[in-house]
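Working notes, beginning with the structure itself.
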Amino acid sequence: MTKTFNTAPVLDTVGGALSIAVMAGLTFASAATYAGNGEKPAAEIVQLPPVVMTVKRATPVAQLPTVIVVAKRSASPTSA
């Protein structure tokens with residue numbers, strides 16, 4: 001009697017192990033990059049000159065009066 005070899009559990013295990021290895025490698029790489037930066041000089045603060053804007057005032061917008069609509073339903077539908 002022959003058995004077929006199911007590759008799904010093996011591939012799942014190998015994929016999980018590779019994922020953990022890649023995550024660990026990226027963690028160590030980022031830690032090494034952060035540690036290798038050393039002391040950075042303080043950032044220089046640049047003060048920009050003030051900006052003055054002059055604009056003409058917009059013309060006032062005409063406001064329309066409020067409209068109230070009241071609708072009533074008819075008592076009985078009309079037949080055609």
Side-chain angles (χ1 to χ4, degrees):
M1 185 170 173
T2 61
K3 279 188 170 181
T4 59
F5 182 66
N6 188 2
T7 59
V10 174
L11 291 176
D12 186 44
T13 304
V14 170
L18 288 175
S19 295
I20 290 175
V22 168
M23 287 189 284
L26 289 174
T27 302
F28 288 128
S30 63
T33 303
Y34 180 72
N37 283 340
E39 291 292 324
K40 289 186 177 181
E44 182 180 337
I45 298 174
V46 178
Q47 183 72 29
L48 296 175
V51 176
V52 178
M53 293 179 60
T54 55
V55 293
K56 292 181 180 178
R57 179 172 279 207
T59 58
V61 177
Q63 187 169 356
L64 298 174
T66 305
V67 176
I68 299 174
V69 177
V70 178
K72 293 184 179 179
R73 185 177 289 204
S74 63
S76 62
T78 57
S79 60

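Keep in mind that this is a model prediction, so the values were computed, not measured.
Note on Val10 and Leu18: same hydrophobic cluster, where clusters join Ile, Leu, Val, Met, Phe, Trp and Tyr whose side-chain heavy atoms are under 4.5 Å apart, directly or indirectly. Tracing side-chain contacts under 4.5 Å through hydrophobic residues (I, L, V, M, F, W, Y), one never reaches Val51 starting from Val55; they form parts of separate clusters.
The NZ atom of Lys3 sits 11.5 Å away from atom CG of Asn6, with the distance rounded to the nearest 0.5 Å.
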